[in-house]
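Whatever order the structure lists ligands and atoms in, that order sets their numbers, starting from 1. What you see is a predicted model; the values in this text were computed from it and never measured.
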Amino acid sequence: MCLKLILSLSIAGLVSASQIPGPEERIVRGYYIPIEYVPWQVSMLNATLHRCGGVIYSDRTILTAAHCLHNVAVKDLSVRAGSSYWSKGGQVQRVLKAIKHPKYRHFPNPVYDVAVLILEDPLKLGSAVDEISLAENTPDAGTITLASGWGLTRVPGFHWPILHGVHVTILNRTECENYYKDINYKVTNDMICADAHQGDTCKGDSGGPLVDTKNRKLVGIVSWGAGCGTNPGVYADVAFFRNWLKYTVQENI
Ligand code: 4AZ
């Protein structure tokens, strides 16, 4: 009886300890998630190295951030889908065409930071590889969303070999705008912000998904932030870009 109690207490202790992320376990301060939880996630590879995240919109189209295409040649790009590792497993397809939003600029921070990738051959969809639909509406402040990727888990740090996820809360845009104005960055109406204190995206997560898991809609694409885990994370507002994304896919497929 006593042994049983000690055993169950120590098991409970182990479980709860593993659920509290230590400072070394960070997307920043996130947790490992298997690809089946976020089957819309891909790694965008430049030659053989992870460069950015991406999102499966259809078997032949991937959404990512426009800044991920900076200084890369389309012929060197591919995506890996269906694996929790950016470096192995799943399916790899080459990118045929990459289309940045025509209003994309990068000063003082990225604006209109979205792009569409057309794949050479379609992905085979299944439990680890699946498309996600675009949100119709900008998420309300307070909505809890899931971000994922292979980005830095601490600053300074390196790209993690295994996929991480983190739940983040959407912030009021005006507050985020005022916050960043004070440190000379510009949050505009093509962006949404999420609180960074409970966990955040970081370098290498860019282009990846921010998802409202309650209704399984893509609400954001990882874009930028001042540092990781301290100031709000900034995402392209998918509802804002919905028409452009749909039109661009239709015109190029
Ligand atoms: C980056 O450099 C980056 N904390 C992406 C996301 C965030 C910061 C930086 C958000 O790609």
Dump the pairs for me: ligand 1 N or O, protein N or O, distance under 3.5 Å, to 0.1 Å.
{"residue": "ligand 1", "atom": "4 (N)", "partner": "Asp200", "partner atom": "OD1", "Å": "3.4"}
{"residue": "ligand 1", "atom": "4 (N)", "partner": "Asp200", "partner atom": "OD2", "Å": "2.7"}
{"residue": "ligand 1", "atom": "4 (N)", "partner": "Thr201", "partner atom": "O", "Å": "2.8"}
{"residue": "ligand 1", "atom": "4 (N)", "partner": "Gly227", "partner atom": "O", "Å": "3.1"}
{"residue": "ligand 1", "atom": "11 (O)", "partner": "Ser206", "partner atom": "OG", "Å": "2.6"}

Working for salt bridge (charged side-chain N to carboxylate O under 4.0 Å, His left out), residues Lys186 and Glu177: CA-CA 7 Å; Lys186 216 167 161 156; Glu177 205 177 308; over 6 Å; no

Spatial distance of atom OG (Ser83) from atom CH2 (Trp150) [nearest 0.5 Å]: 7.0 Å

Geometric cation-pi criterion Lys88 and Tyr85, 6.0 Å radius, 45° cone: yes

Ring pair (Phe, Tyr, Trp, His ring centres under 6.0 Å) between His164 and Tyr32, intermediate numbers included: CA-CA 4 Å; His164 277 66; Tyr32 292 125; 4.6 Å; yes

Side-chain donor-acceptor contact under 3.5 Å, Ser127 with Glu36: no

Passing candidate, ring pair (Phe, Tyr, Trp, His ring centres under 6.0 Å) with Tyr112, options Tyr104, Trp244, Phe241: Phe241

